[in-house]
Amino acid sequence: MITVALLEDDLAYRRGIERLLADSGRFVSVGSYGSAEDALRGLPRQPPQVALCDINLPGMSGSAAVAHLRQRCPALRCVMLTMFDDAENLFAALQAGACGYLLKSSLPEEILAGLDELLAGGAPMSRPIARRVLASFARPSARPDPLSELTVRERETMDHLARGLAYKE
């Protein structure tokens with residue numbers, strides 16, 4: 001059984017994820033925390049293999065919690081499980097050491113598949129998140145300088161126009 005800790009302030013959602021993990025037969029919840037501070041006090045004593053962490057926790061943010069947890073428990077693999085799909089939260093979490101980023105809108109099967117992917121060495125991401133990450137690396141195509149395609153005489157004419165001469169001049 002793979003041990004999982006939950007850092008989630010919404011008690012009903014946390015209980016739902018605990019049930020999902022228990023019903024899977026592959027994962028077991030070994031810690032359930034409503035804040036990052038509670039997790040930091042409880043997790044390092046017996047670190048689980050995986051931590052599912054929300055971004056918007058009371059007090060310390062989920063991203064900051066991940067950074068602290070990874071420092072104290074280097075083998076701990078943290079996956080964000082959140083409703084936030086903006087670039088700022090996404091990249092803050094990844095820079096803090098998160099190994100994956102799943103949206104709460106994911107189907108239960110997708111969350112379990114994400115955990116399986118993590119354990120197989122992957123970096124689970126919900127599809128919209130993966131698209132956002134890829135888009136951040138895309139570069140706009142370089143356009144040639146339109147003036148570089150002008151003849152010498154055309155450039156000379158443009159220069160005269162730029163200085164205020166009339167077209168006939």
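The structure displayed is predicted, hence computed values, not measured ones.
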For Gly62 and Met80, which heavy atoms make the closest approach, and how far apart are they?
C-CE, 3.9 Å

Please tell me if the side chains of Val4 and Ile17 come closer than 4.5 Å, counting only heavy atoms from C-beta onward.
no

Quick one: does Glu117's side chain have a donor or acceptor within less than 3.5 Å of a partner on Gly114's backbone?
no

From Tyr101 atom OH to Phe91 atom CZ, the distance as rounded to the nearest 0.5 Å
10.0 Å

Side chain to side chain, Asn56 and Asn89, heavy atoms closer than 4.5 Å:
no

Identify whether Leu52 and Val66 are in the same connected component of the hydrophobic contact network (ILVMFWY, side-chain heavy atoms under 4.5 Å).
no

If you draw a 6.0 Å radius around CD in Gln71, do more than 12 non-hydrogen atoms from other residues or ligands fall strictly inside?
no

Passes side-chain contact (heavy atoms from CB on, under 4.5 Å), Thr3 versus Val50? Steps please.
CA-CA 6 Å; Thr3 56; Val50 176; over 6 Å; no

So, taking the atom named OG in Ser105 and the one named CD in Glu110, what distance separates them when rounded to the nearest 0.5 Å?
8.0 Å

Least distance between heavy atoms, Ala92 atom then Ser63 atom:
C-OG, 3.9 Å

Identify, with sequence neighbours excluded, every residue that meets salt bridge (Lys or Arg N to Asp or Glu O under 4.0 Å) alongside Arg15.
Glu18

Could you tell me whether Asp54 and Arg14 have a side-chain N and a carboxylate O separated by less than 4.0 Å?
no

Is a side-chain N or O of Ser106 found less than 3.5 angstrom from the main chain of Leu102, in a donor-acceptor match?
no

Value for CG (Asp85) from CG (Leu90), rounded to nearest 0.5 Å, stands at 9.0 Å

Are there over 12 heavy-atom neighbours, none belonging to Arg127, within less than 6.0 Å of that residue's CZ?
no

Reported CD-to-CG distance for the pair Gln49 and Leu115, which is rounded to 0.5 angstrom:
11.0 Å

With sequence neighbours excluded, tell me which residues meet salt bridge (Lys or Arg N to Asp or Glu O under 4.0 Å) with Glu37.
none

Please round to the nearest 0.5 Å and tell me the distance separating atom CZ of Phe84 and atom NZ of Lys104.
8.5 Å

Should Phe27 and Leu119 count as side-chain neighbours, where that means a heavy-atom distance under 4.5 Å?
yes

Side chains of Ser35 and Leu57: closer than 4.5 Å at any heavy-atom pair?
no

Salt bridge (Lys or Arg N to Asp or Glu O under 4.0 Å) filter on Asp9, not counting sequence neighbours, yields none

Does the side-chain contact (heavy atoms from CB on, under 4.5 Å) test come out yes or no for Leu112 and Arg26, once each step is laid out?
CA-CA 9 Å; Leu112 292 175; Arg26 302 186 311 272; 3.7 Å; yes

Please tell me if the side chains of Leu76 and Pro48 come closer than 4.5 Å, counting only heavy atoms from C-beta onward.
yes

Does any part of the side chain of Ile55, heavy atoms only, come nearer than 4.5 Å to the side chain of Ser61, both counted from C-beta?
no

Near Met1 CE, under 6.0 Å, is it more than 12 heavy atoms from other residues, nucleotides or ligands?
yes

Would you mind reporting whether Pro128 and Leu103 have side-chain heavy atoms less than 4.5 Å apart?
yes

Quick one: do Leu94 and Ile129 end up in the same hydrophobic cluster if we chain Ile, Leu, Val, Met, Phe, Trp and Tyr together by side-chain heavy atoms under 4.5 Å apart?
yes

Tell me, do Leu21 and Ile2 make a side-chain contact under 4.5 Å, heavy atoms counted?
no

What's the separation between atom CG in Leu107 and atom CG in Leu20, rounded to the nearest 0.5 Å?
11.0 Å

Can Arg131 and Met125 be said to form a side-chain contact (heavy atoms from CB on, under 4.5 Å), step by step?
CA-CA 9 Å; Arg131 279 193 298 274; Met125 290 188 195; over 6 Å; no

